[in-house]
Structures are given as C-alpha cells and as structure tokens.
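Counting from 1, the numbers follow the sequence of the chain as shown. Just so it is clear, the structure is predicted and the values come from calculations on it, not from any experiment.
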Amino acid sequence: MQCAPFREALSARLDGEPLGMPAADLDRHLDGCPGCTAWGEAAGAVTRRARLAPAPPVPDLTAAVLGALPRELPGTAAAARARLLASALRLALLAVGVAQAGLAWPSLTAGTAAMSAPVHVAHETGAWNLAVAAAFVAVAAVPRLAAGALPFLATFTVLLAVATVRDLQAGHVHADRAAAHLLLLAGVVLIAVVAWRGRPRRAAALVARERVTA
C-alpha cells in the first residue's frame, strides 16, 4: 500500500488543515502501518518542538521608530490653513448677512425706502433684502447649503448689477443707493468661494486618473 497520501493527511492533521480523505481511513491505515505511525510520532515531536521553541531576542526599536517619525504629519499645516480660511469665510459671510439685515429692517418695519418709494414697495424691498440676509446667515451656519443658494443669488446679483449700472447712467438712482448693493455682491462672492471649496473632489480625481491612464 502506498503510504504517501496517508502521511500527507497526517501532516495536515498536525497542522490543523483538511485531511483530503476521511479521517476513518487514515486511522485504519495508522493502525495497520507501524511505519506511518512512527513517522507521525516523529513529525508530531518536530512540530511540538518548533511551536514551543523560544522566540529569538530582538532589540527594542520603539524609541528609534518614534524618533524617525516627523514631528508634524504631512498635510497638518495645510489642513490648519484650510480650517482657518473656512472659519474666516463663514465669519465674513455672517457679518455681511447681519449688515444686509440692518439695511432691510427699516424698509420692512417702517415702510421707508430710498427715493420715496411707496410703502408697499418699501415693504417688498425690505422683505426681499431680509430674505437675502437670511440666506447669507444660513450658508455661514451650514456651508453645504452654498451650492444650492448660489444659482439663485448669483442670477439676482448679476441682473441687479446690470440694472443698477443702467440706472446710474440714466440718473434714476443715487450713487449711495447703488453702493448699498456692493454688500449683496460681497455676500454672493463669499458664497461662491464657499461652494467652490466644498465641491466634490472625487469627480476631479477620477478625471485626473483617466487622463493619466490615457
């Protein structure tokens, strides 16, 4: 009888691996084959000595590894600058929102507006300006809203800027009234920067990867 398959199965049993044959067949062979039984005992002794052998001593490299690490992880300074810039943008946007609300409040509550506008028109203007101020404050509090607020506010700002320039040229609006719109422009620019900084980066990374592959 060939003993090689049974010795492979016995070796697998010592290592805790699948035998590759029924365990009963292996046991019957060992009962009738003194050679394989002796081989198994010798293999078991070698395996036991290997498992119980003491691990060789190794030097403690903890201090050397810690000493080789940089004092500051890569990107820490850049991340700190990014957080500082994000905080500055949010504070600036909050200030613009509060200032915009301050301009809107008299028109909304007292019905007074520039160039002697009718009371209801003044109320509408105040409500609109206060809504814009609320949008600025909301984006300052939750920056992820910037991308959603930008299309509407940017469209309004561009149209208002074109109309204001034409009205200035025609003498339909005073310069101080037109200058008040600069606050709105500053808020929209801040929202655009916040939206640009919060844009998804995965798409840009995939495009760059495809270009490198091509």
Side-chain angles (χ1 to χ4, degrees), residues 65-109 113-114 117 121-169 172-214:
V65 172
L66 294 178
L69 292 176
R71 294 184 178 181
E72 188 176 85
L73 294 177
T76 302
R81 290 193 297 270
R83 288 193 298 269
L84 181 61
L85 179 58
S87 299
L89 289 172
R90 295 175 67 181
L91 289 176
L93 191 56
L94 177 62
V96 171
V98 172
Q100 182 75 19
L103 292 178
W105 192 251
S107 299
L108 184 62
T109 57
V121 174
H123 286 165
E124 287 182 347
T125 302
W128 175 257
N129 287 331
L130 190 60
V132 172
F136 290 162
V137 174
V139 174
V142 186
R144 68 173 180 271
L145 299 178
L150 183 60
F152 182 76
L153 291 176
T155 302
F156 169 69
T157 302
V158 170
L159 294 177
L160 181 61
V162 173
T164 301
V165 170
R166 291 181 176 178
D167 290 342
L168 279 172
Q169 293 174 347
H172 295 159
V173 65
H174 296 300
D176 56 347
R177 177 64 177 175
H181 298 326
L182 293 177
L183 195 62
L184 173 64
L185 179 61
V188 172
V189 170
L190 289 172
I191 288 181
V193 175
V194 172
W196 181 81
R197 286 173 53 82
R199 71 192 188 283
R201 305 299 175 88
R202 177 180 296 182
L206 290 177
V207 171
R209 186 180 304 173
E210 291 176 359
R211 289 179 178 177
V212 171
T213 303

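In plain terms, the two heavy atoms of Gly148 and Pro151 that are nearest each other are O-CD, 3.5 Å. Nearest heavy-atom pair across Ala140 and Arg90 is O-NE, 2.7 Å. Considering all non-hydrogen atoms of both residues, Leu150 and Ala195 come closest at CD2-CB, 4.2 Å. Heavy-atom minimum distance, Val194 versus Ala146: CG1-CB, 3.8 Å.
Here Leu183 pairs with Val96, Ala99, Gln100, Leu103 under the side chain to side chain contact (heavy atoms under 4.5 Å, CB included) rule; sequence neighbours left out. The side chain to side chain contact (heavy atoms under 4.5 Å, CB included) search around Arg81 returns Ala77, Ala78, not counting sequence neighbours. Residues satisfying the side chain to side chain contact (heavy atoms under 4.5 Å, CB included) test with Ala101, not counting sequence neighbours, are Leu130, Ala133.
By the neighbour-count criterion of 12 heavy atoms within 6.0 Å, atom CZ of Phe152 is sparsely surrounded, having that number or fewer from other residues, nucleotides or ligands.
One finds the CG atom of Leu85 at 4.5 Å from the CG atom of Leu89 (value rounded to the nearest 0.5 Å). The CG atom of Leu185 sits 9.5 Å away from atom CG of Leu190, with the distance rounded to the nearest 0.5 Å.
Partner of Thr157 under the side chain to side chain contact (heavy atoms under 4.5 Å, CB included) criterion, out of Val188, Val162, Val132, Ile191: Val188 alone.
Of the possible donor and acceptor atoms, one in the side chain of Arg199 sits under 3.5 Å from a partner among the backbone N and O of Trp196.
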